[in-house]
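Right, one structure below, let's go through it.
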Amino acid sequence: MKKIVVVLVLLAVGLSAVGTLNAMPAFARKYQMSCKVCHSPFPKLKPYGEEFVGNGFVLKDKEAPRYTADTGDEKVSLIRNIPIALRIEGYASFNSGHGKTFDLSTPYLIKLLSGGELFRNVSYYFYFFFSERGKVAGLEDAFIMFNDVAGDLDVIVGQFQVSDPLFKGELRLTFENYRIYKSKPGLSGIDLTYDRGFMLTYGFKGGPDLTLEVVNGSGIGDSEANPGGRFDADKYKNVMGRVAQDIGESLRIGIFGYFGKEQVASGPVNDLWMAGADATWTTPKLELNLQYVQRHDKNPFFLSADLEYATRGGFAELIYLPRGDDSSWYGAGLFNWVDSDQDDLDYTAATLHGGWLLRRNFRLVAEATYAFRSSSGKYPRFGVGLVTAF
């Protein structure tokens, strides 16, 4: 017990990295408003923040002061000052599952973010890693959004996480990730994280909300490994669709399906599908998020004879805000579960996380995770630090 206390005290000098997708102080500067308007706490989005993102990073009821430059040519649209923000993240951790290591990863990453409206109903968003794990990592989220193309139809073109319509992993409060989104058996390159393609979203009045994605199915890795420098590693395109519906003011449910193929060189093809359901229940003080995913791969090792694998899993996440969006502290719990025919993908872990907001965009955090089942066996992990953006 004394060792754990000493470790936690030492960890207080560290920084804890939690990714952000749309927690951008540039938007707060643009509209001269508090981060609290869209986040509670940052980077988690409130419904108003989700509406802001869906409108192409534009507040329909508020004009941004001095946003565009007057060139005298109505066909030219120039942002007066390019909206940018910076994140410098690092973390300290004690992980007994990897040789009982105490690690200071500072900085873990340095990130430049930018986004906003280019002109009416056309917006952009991206972030660039100057450094991640000591290397230049490049772009992750990077897309152009066409808002209200036909009625309430929105079109996003670029790089994004396939799981964004479900739960945005980059907006989670915990350092512990949503493990099922990253699980892929064998040599498969397909999961529910980053990919290139386009996304269509349409919301009917009163629901349901529909999403259709068409993606390469090759992730966003280096294209130099592919013939002709292509970004897509094969000739196939993969499709994901989702239907979601609000039930009353507190409950939202959704179902999705993913269907695709992948091929290595001119060898065998892996046919796969994923399907699942998600739900979110909210009150002013509590938010409960539930996700289940079932996956089936016909030939994930690309062998001459099919060797089928099934993978299933999900997560449950509970967030507590004692004073709603005016809370100065919060608590969160996350339970991850993955069960696969490929044993080294099996994972079961519980996480407790707490945070204290010194400012709306500056919070101290502490987190403890215990893995009941993993490829590294059973182990605890502890960490404390801070999260900020400016």
Side-chain angles (χ1 to χ4, degrees), residues 8 11-12 14-55 57 59-62 85 87 89 91 166-178 246-253 278-291 315-336 350-369 382-390:
L8 291 177
L11 287 175
L15 303 176
S16 180
V18 178
T20 62
L21 173 65
N22 299 309
M24 258 192 66
F27 297 145
R29 284 192 287 269
K30 171 184 173 181
Y31 287 103
Q32 299 180 2
M33 64 186 186
S34 170
C35 304
K36 174 186 172 182
V37 175
C38 291
H39 300 279
S40 178
F42 89 97
K44 190 177 76 70
L45 286 173
K46 294 162 55 177
Y48 190 76
E50 293 176 353
E51 182 181 350
F52 170 69
V53 174
N55 286 329
F57 312 111
L59 295 180
K60 296 295 187 180
D61 56 352
K62 183 177 177 65
R87 285 185 61 89
E89 300 181 358
Y91 68 93
L166 309 173
F167 293 103
K168 292 179 172 64
E170 294 292 338
L171 295 182
R172 71 188 188 278
L173 297 172
T174 59
F175 177 73
E176 174 79 352
N177 212 329
Y178 301 145
D246 290 329
I247 301 176
E249 297 182 355
S250 300
L251 180 62
R252 183 175 182 82
I253 59 174
D278 59 271
T280 295
W281 174 74
T282 57
T283 71
K285 295 184 179 182
L286 290 172
E287 179 177 314
L288 176 64
N289 299 314
L290 302 172
Q291 177 73 75
F315 59 83
E317 179 182 47
L318 182 65
I319 300 168
Y320 173 61
L321 299 167
R323 297 183 60 187
D325 61 9
D326 200 36
S327 300
S328 59
W329 67 272
Y330 68 92
L334 177 65
F335 181 79
N336 268 309
T351 297
L352 290 177
H353 172 101
W356 178 38
L357 278 69
L358 297 180
R359 289 291 187 269
R360 297 296 179 191
N361 60 326
F362 193 114
R363 57 189 170 97
L364 302 178
V365 298
E367 183 169 309
T369 295
F382 306 95
V384 297
L386 61 87
V387 180
T388 187
F390 51 91

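Numbering starts at 1 and runs along the sequence shown.
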Would you give the length of the straight line joining atom OG of Ser250 to atom CG of Leu288, rounded to the nearest 0.5 angstrom?
12.0 Å

Is there a side-chain contact between Leu364 and Val384 (heavy atoms, below 4.5 Å)?
no

Ring pair (Phe, Tyr, Trp, His ring centres under 6.0 Å) filter on Trp281, not counting sequence neighbours, yields none

Does a donor on one side chain sit under 3.5 Å from an acceptor on the other, for Glu287 and Asn289?
yes

Are any of the side-chain heavy atoms of Phe167 and Thr280 separated by less than 4.5 Å?
yes

Do you know the tightest heavy-atom contact between Leu357 and Ser327?
CD2-O, 4.3 Å

Side chains of Tyr178 and Arg172: closer than 4.5 Å at any heavy-atom pair?
yes

Minimal non-hydrogen separation, Pro322 against Trp329, with atom names:
CD-O, 3.2 Å

Calculate, to the nearest 0.5 Å, the distance between atoms CG and OG1 belonging to Leu334 and Thr174 respectively.
5.0 Å

Decide yes or no for Tyr330 and Leu173: does some side-chain heavy atom of the first lie under 4.5 Å from some side-chain heavy atom of the second?
yes

Who passes ring pair (Phe, Tyr, Trp, His ring centres under 6.0 Å) against Phe335, sequence neighbours left out?
none

For Asn177, the side-chain hydrogen bond (donor to acceptor under 3.5 Å, both in side chains) test, sequence neighbours excluded, returns none

Considering residues at least two apart in sequence or located in another chain, which fulfil the salt bridge (charged side-chain N to carboxylate O under 4.0 Å, His left out) criterion with Glu317?
none

Applying side-chain hydrogen bond (donor to acceptor under 3.5 Å, both in side chains), name anything that partners Glu176, two or more places apart in sequence or on another chain.
Asn336, Tyr347, Arg381

Please check this pair: side chain of Glu367 against backbone of Phe175, looking for a donor-acceptor N/O pair closer than 3.5 Å.
yes

From CG (Leu358) to CZ (Arg363), nearest 0.5 Å
11.5 Å

For Leu352, I'd like to know if atom CG has over 12 heavy atoms of other residues, nucleotides or ligands within 6.0 Å.
no

Pro284: side chain to side chain contact (heavy atoms under 4.5 Å, CB included) partners, not counting sequence neighbours:
none

